[in-house]
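Hydrogens, waters and symmetry mates play no part in the numbers below; they use all other heavy atoms, side chains included.
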Amino acid sequence: MPCYYPRSRGSYPLLVAAIIIVVASKLGDGLCRHDERDALLRLKKGFVFDNALSGLPSWQASSDCCTWQGVTCGDAGTPDAQVVVSLDLADLTISGNLSSDLFELTSLRFLSLANNDFLGIPLPSDGFERLSRLTYLNLSDCGFVGQVPSSIARLTNLETLHLAGAFTWDTVQNQATPFLELKEHTFDTLITNLSSLRRLYIDYVNISVSDVNNSSSRHSLRELKLSYCWVTGPIASSLVPKLRSLSKLILENCIFSHPMMNSFTGVEKLSSLLVFSLSNSGLMGTFPSSRVFSIKTLKVLDLSGNTMLHGELPEFRPGSALQSLLLSSTMFSGNLPESITNLHNLVTLDLSSCLFYGALPSFAQWTMIQEIDLSNNNFVGSLPSDGYGALHNLTRINLSNNSLSGEIPVKLFSHPCLLELDLTHNNFTGHLLLHPNASSRLQHLFLGENNLQGQIPELLSKLSGLTKLDLSSNNLTGTMDLSLLKNLTNLSILQLSRNRLSVLEKGDARSYVGYPNIVSLGLASCNLTKLPAFLMYLNEVERLDLSENSIAGPIPDWIWKAGANDFYYVNLSHNLFTSIQGNILAPAKFLSRLTYAYFLSLSNNMLTGEVPPMICNASNLKVLDLSFNSLGGLIPPCLLQENKSIAVLNLRGNIFRGPLPQNISRGCALETVNLNNNKLEDKLPESLVNCKMLQVLDVGDNQIVDTFPGWLGDLPQLRVLVLRSNRFHGPITVLDGTNFFPMLQVFDISSNGFNGGIPAQYLKRLKAMINSSEVESQARTVGYQYAIDTYYENSVTVMVKGLDLTLVRILYTFKSFDVSNNSFDGTIPSEIGDLKLLKVLNLSRNAFADQIPSRISSMVQLESLDLSRNYLSGEIPSGLASLTFLEVLDLSYNYLSGPVPQSGQFLTFPNTSYEGNNGLCGSRLSRQCHRPESRIRDDGDNDSANWDVLSVELGVACGLAAVTGYLLLSSRGRRWFTTHIDSLLLHVHHFYHRF
């Protein structure tokens, strides 16, 4: 069956004007006019060229200018002369000046200066009006700045106009700032005066549009494209009524000052519209689907990249002309209507990264389809089992990141034209079955993160065209003989990680000759006990993941040769490596192979020794994870002090000692610093405030001696702060004018020597624990994205119910506040109840007194509450029973009294939650709550018992009266009374309730 591959999308019309000029020209034997030749030579003098080849060497005074590079002449009406009708100087890397001699060429019909380097040069304000015969003008990508001259609006014969100016690119906002301007009157005049204009393409220009809507004015413009422009004014409502002849309307990657979705009234009247693109333009609101899809001529609709644009697909009528429907990265939602199968002309369907759900439609009706991308939605059900044979043009299917299930249709692997199949991250089950006539055209096969079972079939070797194969994170079993790869000679990416496979190698060294030159190799958790020998025969590896195996001994030197200095990602974590080629982590060869590496993890091995300063020579390193080894000595100062590259530094679980480097430079790139469980001493470096992007700081379980680092509160991105199990001391204080951790979500200062109270005014400033944001609702995690598809997950250890719990991922929604095992005293501030988003609150093992604040009952997200081993008194607030997510409660060893609430989660807590509070009672406790006994007695024995009790009470009362009288009458006694009576009464109260 023949395959018909797609033509390139987005190509623009051929330069029709230039072709007409060349065909129509009648080149005679005469020379070009001397005045035009001289004008061209003067124009050249103002140019600067990068090299001789682009320097217009044919432009010589002694030759006919009609034969010069880029020059085309036409008949001037006389037999002995030609005039210059076309000047094409595109793509010659010309810089310098654009002189007015250009405007001496008054017979020009075609002029292109595109793709040159007139950077920072303004366009001449006058002169373009002299080129009155121009039909084609291209000034794009030349670097011009300033105002577009109004004289261009006087070129009444112009049919095609390209404008593109200089710009700067903001990498943070991911947008362009243009320096060429089309002021309001100029843009309006262009549209109004250039009555012959058919194609207008404008890129990287500041455009001002009048808000005057002269709907009676009509223009015959066919194609309008604005790309990377800043548009001020209601461009849609201003232009749509005028441009009823438009066949292409492209407004992509623009920034609009005026709301767009309410401005397309009348768009359905563009009866000739073929292409409508508003991609990546920050559109918000609801898209008018019914009006736009009613345009019968529409072939291409592109709304992709508008992440705040809502909408639903309408019912599609038969006979639609639609060929490309591109809605990726929008908030379009709902079920796909069954009538979508009426789009018989559909070539490209991209609904990726939307909010669609429900079952997939049948593909069989789309006989012209080439590409289907429905990835990153919530589609369910199984794949259509049949109908693929009639799809003769199908080259790409991407259904990754959905909830699809069932078995993968075998016929997909034999489709003769399919080049890419991506079913990653679904719920597909069953065995991986391949058709005996497996297609040799299939290049990309991604089946990772499913539930596929059984062995990898030997028929896989029939897919000889494969360049990328991902079977990772399934339940595949059995053995995988790497000799299977020998037939896959084009394979560059192989991912088999995290299955239940045992990867084996058979044969001697000679058998590896002819293996594919793998660029990305993932064999994590593949039961390896030694390094694969075929690595010795590779030299282009960029990404290597052999983590979670049982490879022991030294890391051999030859493994670094596989990267040929181009390693970008190396993960050898969770093995049994002891050293690198028998040396401590220092050989020059090892470090020299990491020149371009951005990720290096040797964590969870058995490495010893010190980390050499040479590690900092890996100047592109973004993630360095050496955690859980036995590395020691001082931390190389360059990792902190001079670091402007490393974003993640994880040295947790080693034996590093000594003080931390103190002089951290400005421009620090660190986002995660995890130094937990070492032997670090001295103080925290206050220069950490230079790390403005810092999100995670974990220095727990060390020997740091310092006061509370309130200066860290100014770090705007800090989300996790762990100071637990050190020697911090003193009260919680913050300097005036300093913020108090506005983004903090994990606050752990437990097991130190902090004292005093918890300042209520600081609690009010923990904004991330009080109010949620839209970002948090998307289940994002605290981590670092160091590549387009690769994310480093941070972890943290928190205490829940007296046990350390390690969270391998820190969700934005996880909020924890732990000040346990310190010397805090006073009352628990009621403002702590304002931290409504907390999931863990631990105030145990302090000296807090008085009652439990009732406002804790407003902490509706709370899952763990530990107030044990304090001096709390009074009753348990009944409102705590409304905390429906509360799973762990510990109020033990306080002086609480009264009944335990008998509803909600309190019905699930064990008696140990309350032990050590002898005043508490309840049906689940050993001490039951009783009603007060009746004071009416019927017999004399009871009367006698009451008199005995009364005698004791009178004696105690008289004794207390005598002591109190002395204390109140003597000055010394009054001082003692004033100083100690509060404490005395508190202890009497506690004593009474215990017994």
Take atom CE of M368 as the centre, draw a 6.0 Å sphere, and report whether it contains more than 12 heavy atoms from other residues, nucleotides or ligands. no
Can you confirm whether the side chains of S520 and Q495 place a donor and an acceptor under 3.5 Å from each other? yes
Between Y596 and F567, does a ring-ring contact (aromatic ring centres under 6.0 Å, His included) hold up when you go through it step by step? CA-CA 6 Å; Y596 302 104; F567 272 121; over 10 Å; no
NZ/NE/NH1/NH2 to OD/OE distance under 4.0 Å, R498 and E548: yes
Spell out, as yes or no, whether a donor-acceptor pair under 3.5 Å connects the side chain of N605 to the backbone of L572. yes
Can a donor-acceptor pair be found between the side chains of S403 and N378 at a distance below 3.5 Å? yes
Backbone N/O of S547 and side chain of D545: donor-acceptor pair under 3.5 Å: yes
Just by distance, do the side chain of N306 and the backbone of M308 share a donor-acceptor pair under 3.5 Å? no
If you count the non-hydrogen atoms of other residues, nucleotides and ligands that lie under 6.0 Å from CD in E338, is the total more than 12? no
If the condition is ring pair (Phe, Tyr, Trp, His ring centres under 6.0 Å), which residues does F534 pass it with, not counting sequence neighbours? Y515
Yes or no on side chain to side chain donor-acceptor pair (under 3.5 Å) for S294 and E268, after CA distance, side-chain angles and deciding distance? CA-CA 7 Å; S294 68; E268 66 275 10; 5.8 Å; no
Short question: side chain of S375, backbone of N398 - any donor-acceptor pair under 3.5 Å? no
For the side chain of N335 and the backbone of P337, is there at least one donor-acceptor N/O pair under 3.5 Å apart? no
Using only atom types and a distance under 3.5 Å, with no angle test, would you say the side chain of N571 pairs donor to acceptor with the backbone of S573? yes
T672-N794 side chain donor-acceptor pair, cut-off 3.5 Å: yes
Do Q443 and T467 have a side chain donor and acceptor closer than 3.5 Å? no
Between T297 and S271, is there a donor-acceptor pair closer than 3.5 Å when you use the side chain of the first and the backbone of the second? yes
Please find the pair of heavy atoms, one from T341 and one from Q365, that lie closest to each other, and give the distance. O-CB, 3.4 Å
State which residue, out of L246, L251, V267, fulfils the side chain to side chain contact (heavy atoms under 4.5 Å, CB included) condition with F276. V267
Any chance you could measure F446, atom CZ, to S472, atom OG, to the nearest 0.5 Å? 10.5 Å
Report the relative orientation of the aromatic rings in F363 and W366; use parallel for angles under 30°, tilted for 30 to 60°, perpendicular for over 60°. parallel
Looking at K839, I'd like to know if its NZ atom is crowded, meaning that more than 12 non-hydrogen atoms belonging to other residues, nucleotides or ligands lie closer than 6.0 Å. yes
Within the side chain of N549, is there an N or O that forms a donor-acceptor pair under 3.5 Å with the backbone of C526? yes
Among L459, L432, L433, L418, find the one that has a side chain to side chain contact (heavy atoms under 4.5 Å, CB included) with F413. L432
Partners passing ring pair (Phe, Tyr, Trp, His ring centres under 6.0 Å) against F599 (at least two apart in sequence or in another chain): Y569, Y786
State whether the side chain of N345 and the backbone N or O of S320 hold a donor-acceptor pair below 3.5 Å, judged by distance alone. yes
Pair D625-Y792, side-chain donor/acceptor within less than 3.5 Å: yes
Ignoring hydrogens and angles, tell me if any N or O in the side chain of N499 forms a donor-acceptor pair with the backbone of L496 under 3.5 Å. yes
Paired with L423, the side chain to side chain contact (heavy atoms under 4.5 Å, CB included) test is passed by just one of N401, L404, I408, namely I408
Can you tell me how the ring of F356 sits relative to the ring of F332, calling it parallel under 30°, perpendicular over 60° and tilted otherwise? tilted
Among T348, T395, L394, L351, which one satisfies side chain to side chain contact (heavy atoms under 4.5 Å, CB included) with I372? L394
